[in-house]
Number of protein chains: 2
Amino acid sequence: MKNLEKQLKQQIVQRIFRNFADIMILRLIQTEPMWGYKIKKEVQTRFGVKLRHGALYPLLNTLEQGGYIKSRKQAKGGRIRKIYQITQKGATLLSTYQKTIKEQFQ
Amino acid sequence: MKNLEKQLKQQIVQRIFRNFADIMILRLIQTEPMWGYKIKKEVQTRFGVKLRHGALYPLLNTLEQGGYIKSRKQAKGGRIRKIYQITQKGATLLSTYQKTIKEQFQ
DNA sequence: TGAGATATGTCTCGAAAGAGACATATTGTA
DNA sequence: TACAATATGTCTCTTTCGAGACATATCTCA
């Protein structure tokens with residue numbers, strides 16, 4: 001694959017995260033429960049996209065209030081992690097998004 | 001398909017158009033060259049999404065300036081239509097988007 | 001002839017989003 | 001012990017985006 005195409009793909013992935021961060025997070029969490037900081041790091045290494053934590057944490061709280069994810073607190077030493085996992089409602093939403101987006105972009 | 005799911009799908013399509021209007025327009029134009037007003041009407045009937053002409057025309061001009069589409073003027077009576085068709089550059093962009101989005105949402 | 005549809009464009013105002021600082025506490029490591 | 005990393009959260013300022021008005025001209029049909 002050409003270098004230019006790689007760059008373009010990177011830009012597209014970035015745009016997807018900017019506009020569908022909630023859905024991309026649901027997708028990440030579905031494969032494995034995670035806490036905010038881990039999500040930030042994973043997205044950076046896997047997708048090359050930098051999520052601002054100032055945007056991420058409020059988004060996670062919104063998703064939880066909406067019932068799409070739920071958290072349990074895990075004390076790792078003296079630090080507290082809020083580990084999020086996807087709910088049935090979240091999984092349904094994600095699946096509908098995946099179906100619809102594939103339909104629209106085929 | 002349940003009514004609720006239909007509603008949700010409609011919301012998703014709306015969100016796609018809000019965030020990827022340029023790409024959806026490229027996709028429309030690729031199947032058939034069109035002018036702005038036709039695009040607006042087609043999107044309304046085919047997708048149930050209302051595009052504001054106050055957003056659409058500037059977007060079409062931006063896409064043309066970027067070299068993704070090109071226009072020819074057609075006089076229909078005394079009215080002038082700017083008929084847009086996709087360029088090679090536009091088709092390449094569209095195809096990369098389709099590939100990348102399918103990858104990300106599978 | 002007047003109203004609604006066709007056709008393209010700009011402009012303004014308020015809302016939402018983005019960048020990045022401010023804030024705090026712990027843990028690991030050099 | 002000091003600095004970087006881990007961990008979560010809020011807040012402000014700027015920029016961007018969206019809704020809808022303003023603007024103009026033609027065409028069609030009742």
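Heavy-atom basis, side chains included; hydrogens, waters and symmetry copies ignored. In the text below, chain A, chain B and the rest are named by the order of the sequence lines, each starting its count at 1. Here the structure is a predicted model, which is why all the values come from computation and not from measurement.
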Quick one: label A:G36 by what it contacts on the DNA or RNA (base, sugar-phosphate, nothing), any heavy atom closer than 4.0 Å.
sugar-phosphate
Between B:Q10 and B:G48 (side chain of the first, backbone of the second, donor and acceptor by atom type, cut-off under 3.5 Å), is there such a pair?
yes
Give the C-alpha distance, both sets of side-chain angles, the deciding distance and a yes or no for salt bridge (charged side-chain N to carboxylate O under 4.0 Å, His left out) between A:R27 and A:D22.
CA-CA 9 Å; A:R27 195 172 147 262; A:D22 51 349; over 6 Å; no
It should be established whether B:R79 places a side-chain nitrogen or oxygen under 4.0 Å from OP1 or OP2 of nucleotide C:dT6.
no
Of all the choices, C:dT8, D:dT10, D:dT6, which nucleotide is nearest to the side chain of A:P58 once you look at every atom?
D:dT10
With nearest nucleotide decided by heavy atoms, which residue, B:N61 or B:K41, maps closer to the 5′ end of DNA chain C?
B:K41
Compute the ring centroids of B:F47 and B:F17, then answer whether they are less than 6.0 Å apart.
yes
Is the phosphate of C:dA7 approached by B:K38 (side-chain N or O, under 4.0 Å from OP1 or OP2)?
no
Within this structure, what is the CZ-to-C1' distance between B:R81 and D:dA25, rounded to whole angstrom?
15 Å
A:R18 side-chain proximity, nearest of D:dA19, D:dC22, C:dA19:
C:dA19
Name the nucleic acid region contacted by B:K82, choosing base, sugar-phosphate or nothing; use a 4.0 angstrom heavy-atom cut-off, strictly under.
sugar-phosphate
Quick one: sort the B:Y97 and B:F20 rings into parallel, tilted or perpendicular, breaks at 30° and 60°.
perpendicular
How long is the line joining CD of B:Q44 and C1' of C:dA5, in whole Å?
14 Å
note: A:K40, atom NZ; C:dA19, atom P; distance rounded to Å ~ 11 Å
OP1 or OP2 of C:dT8 less than 4.0 angstrom from a side-chain nitrogen or oxygen of B:Y57, does that happen here?
yes
Go through the N and O atoms of the side chain of A:R52 and the base of C:dA19, and report whether any donor-acceptor pair is under 3.5 Å.
yes
Interatomic distance where CG belongs to A:L51 and P belongs to D:dT8 [whole Å]
13 Å
On DNA chain C, check which nucleotide each of A:N19 and B:W35 is closest to and give me the residue with the more 5' one.
B:W35
On a heavy-atom basis, the closest approach of A:I86 and A:Y68 is CG1-O, 3.7 Å
Output the rounded distance in Å from CG (A:L56) to C1' (D:dT6).
14 Å
Distance check needed: C:dT6 C1' versus B:K73 NZ, whole Å only.
17 Å
From the candidates D:dG9, D:dA21, D:dA7, the one with an atom nearest any side-chain atom of A:Y84 is D:dG9
Please classify the nucleic acid contact of B:I80 as base, sugar-phosphate, or nothing, using heavy-atom distances under 4.0 Å.
sugar-phosphate
Starting at OH of A:Y37 and ending at P of C:dT27, how long is that distance when rounded to a whole Å?
15 Å
Roughly how many Å is it from NZ in B:K50 to P in D:dG20, rounded to a whole number?
10 Å
